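The chain is numbered in sequence order, starting from 1. When a ligand or atom number is given, it counts from 1 through the structure's own listing order. Model, not experiment: these values are computed from the prediction.
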Amino acid sequence: MQPRSALLNVMTAAAQKAARGLIRDFGEIENLQVSKKGPADFVSNADKKAERTLVYELSKARPNFGFLLEEGGEIEGSDTSNRWIIDPLDGTTNFLHGLPHFSISIALERDGAPFAGVIYEPITDQMFAAENGIGAYLNNRRLRVSARTKMDEALFATGIPFAGKDGHDRYLAQLKEVMAVSAGVRRFGSAALDLAYVAAGRFDGFWEIGLHPWDIAAGIIMVQEAGGFVTDIAGGGRMLESGEIIAANDHLHGVLLNSLSAV
Ligand code: IPD
Ligand code: CA
Ligand code: CA
């Protein structure tokens, strides 16, 4: 049941190479935690190093594709329909604080929509991979979104806006709607992994506002290929443009959308 496609092989191999550096650097964090300056600069270097590795590996395999990179911005490719969208380290705040929950997120966008995605969690060696028409996988296992239909049994993931982000009041109103009717809401700190976990049926749904394309592009195709629904908070398909996303199984997506779009 391994996702055998040349494209996913290229993407998973690149993620594994970049992860080696991240794991090494994560091992240093505890020492830096107690230093006066703190680990912030070190982490931002770890981030950039991982991104350079990904760009190098992916360019080697697909020399004509362009890039949208969290750290490095846009790199135009001669192939105008294919573009990599990359977050080399999603969950930076966790990484910085020594919390072992972060990921590498690589999406291939084809003609404006996510076509394939890899989300790799280095610490637990969980490789989530999906490609249009091929399905979503965790390592060798095919993924399916959860089958829960009742809100009071459903567990949701979300992201809470922090200093420097907009929408705090709007977000609190959304949280109030969901917390009142669900089995719980979790804030783990990596939007890419939140989406991968929805694809795996661990979370029944996820929503967040104020995101960037690199946080969600791989996760969108992951959830879709696992049989889930993904929209923006208006119920449309402009997740990458708006940075707003709702992902869930087909039963709960509509319910979540109604609650969130009302506020
Ligand atoms: C962040 C994570 C987090 C989300 C933030 C993102 P970063 O990405 O995905 O879960 O709530 O909005 O910025 O900064 O760790 O790459
Ligand atoms: Ca991110
Ligand atoms: Ca990042």
Side-chain angles (χ1 to χ4, degrees), residues 14-15 18-19 21-23 25-26 29 38-55 67-74 84-107 109 114 117-123 126 128 155-168 170-172 174-175 178 185-199 202-203 205-223 230 232-233 239-247 260:
L22 283 184
I23 289 173
D25 290 339
F26 187 69
I29 287 290
D41 288 348
F42 178 81
V43 171
S44 112
N45 275 332
D47 208 329
K48 290 189 184 114
K49 252 188 324 193
E51 189 171 279
R52 281 198 297 272
T53 303
L54 293 168
V55 171
F67 288 88
L68 175 63
L69 304 162
E70 181 181 11
E71 305 302 325
E74 282 210 60
W84 302 111
I85 302 182
I86 293 179
D87 190 338
L89 173 56
D90 188 57
T92 320
T93 307
N94 285 346
F95 192 100
L96 185 65
H97 287 257
L99 294 167
H101 184 80
F102 54 86
S103 62
I104 292 171
S105 177
I106 308 171
E109 180 189 54
V118 156
I119 298 167
Y120 184 49
E121 189 173 354
I123 298 297
Q126 295 185 91
F128 296 89
L155 184 64
F156 293 98
T158 187
I160 303 174
F162 39 90
K165 288 237 182 189
D166 294 331
H168 290 211
R170 181 172 165 230
Y171 177 76
L172 279 177
Q174 293 177 343
L175 180 62
V178 181
V185 179
R186 300 286 183 267
R187 201 289 191 243
F188 277 18
S190 163
L193 283 177
D194 291 337
L195 285 162
Y197 286 13
V198 171
R202 296 171 180 175
F203 291 131
F206 165 70
W207 91 96
E208 190 164 347
I209 55 178
L211 292 168
H212 295 283
W214 45 81
D215 299 316
I216 53 176
I220 290 171
I221 185 74
M222 198 73 61
V223 172
V230 188
D232 56 35
I233 290 182
M239 296 79 74
L240 296 181
E241 296 85 346
S242 66
E244 303 194 352
I245 187 165
I246 301 179
L260 296 176

**Student:** Counting only N and O atoms by type, is there a donor-acceptor contact under 3.5 Å from the side chain of Asn94 to the main-chain atoms of His101?
**Tutor:** yes

**Student:** Should the proximity of Pro161 to ligand 1, defined as any heavy atom under 4.0 Å, be assigned to the side chain, the backbone, both, or neither?
**Tutor:** neither

**Student:** Please state whether the rings of Phe188 and Tyr197 are parallel, tilted or perpendicular, taking 30° and 60° as the class boundaries.
**Tutor:** perpendicular

**Student:** Please confirm whether Ala191 comes within less than 3.5 Å of ligand 1 when only nitrogen or oxygen atoms on both sides are compared.
**Tutor:** yes

**Student:** How long is the span from the CG atom in Asp87 to the CD atom in Glu70, to the nearest 0.5 Å?
**Tutor:** 4.5 Å

**Student:** Just let me know how Glu70 lines up against ligand 1, side chain, backbone, both or neither, with a heavy-atom cut-off below 4.0 Å.
**Tutor:** side chain

**Student:** Output yes when a side-chain donor or acceptor of Asp194 lies under 3.5 Å from a complementary backbone atom of Ala157, and no otherwise.
**Tutor:** no

**Student:** How close do Ile104 and Pro88 get, heavy atom to heavy atom, and via which atoms?
**Tutor:** CG1-O, 3.3 Å

**Student:** Considering Asp90, Asp87, Asp215, Leu96, which one's heavy-atom position lies nearest to atom 9 (O) of ligand 1?
**Tutor:** Asp90

**Student:** Applying a 4.0 Å heavy-atom criterion (strictly less than), which segment of Arg187 is in contact with ligand 1: side chain, backbone, both, or neither?
**Tutor:** side chain

**Student:** Pairs of nitrogen or oxygen atoms closer than 3.5 Å, one from Gly91 and one from ligand 1: do any exist?
**Tutor:** yes

**Student:** Pull out every atom of ligand 1 sitting under 4.0 Å from any heavy atom of Leu211, numbered as shown with elements.
**Tutor:** 12 (O)

**Student:** Between Ser242 and Asp232, is there a side-chain donor-acceptor contact under 3.5 Å, judged purely by atom types and distance?
**Tutor:** no

**Student:** Can you tell me the protein heavy atom closest to atom 7 (P) of ligand 1 and the distance?
**Tutor:** Thr92 OG1, 3.4 Å

**Student:** Would Lys49 and Asp25 pass as an ion pair if we require N to O under 4.0 Å?
**Tutor:** yes

**Student:** Start with the C-alpha distance between Phe26 and Leu89, add both sets of side-chain angles, then the distance that settles side chain to side chain contact (heavy atoms under 4.5 Å, CB included), and finish with yes or no.
**Tutor:** CA-CA 11 Å; Phe26 187 69; Leu89 173 56; over 6 Å; no

**Student:** Please verify whether a non-hydrogen atom of Leu89 lies at under 4.0 Å from ligand 1.
**Tutor:** yes

**Student:** With no hydrogens and no angle check, just 3.5 Å: does a side-chain donor-acceptor pair link Tyr120 and Ser105?
**Tutor:** no

**Student:** Just to confirm my output: which protein heavy-atom neighbour is closest to atom 5 (C) of ligand 1, and how far is it?
**Tutor:** Glu208 OE2, 3.7 Å

**Student:** Out of Gly189, Gly159, Gly243, whose heavy atom is nearest to atom 10 (O) of ligand 1?
**Tutor:** Gly189

**Student:** For residues Phe156 and Phe203, establish whether the separation of their ring centroids is below 6.0 Å.
**Tutor:** no

**Student:** Please report how many protein N/O/S atoms lie under 3.0 Å from the Ca ion (ligand 2).
**Tutor:** 3

**Student:** For Lys165, counting its heavy atoms only, list the atoms of ligand 1 lying under 4.0 Å from any of them.
**Tutor:** 12 (O), 13 (O)

**Student:** Can any side-chain N or O of Glu51 pair as donor or acceptor with the backbone N or O of Gly72 at less than 3.5 Å?
**Tutor:** yes

**Student:** Salt-bridge test for Glu208 and Lys165: reply yes if a basic N is under 4.0 Å from a carboxylate O, no otherwise.
**Tutor:** no

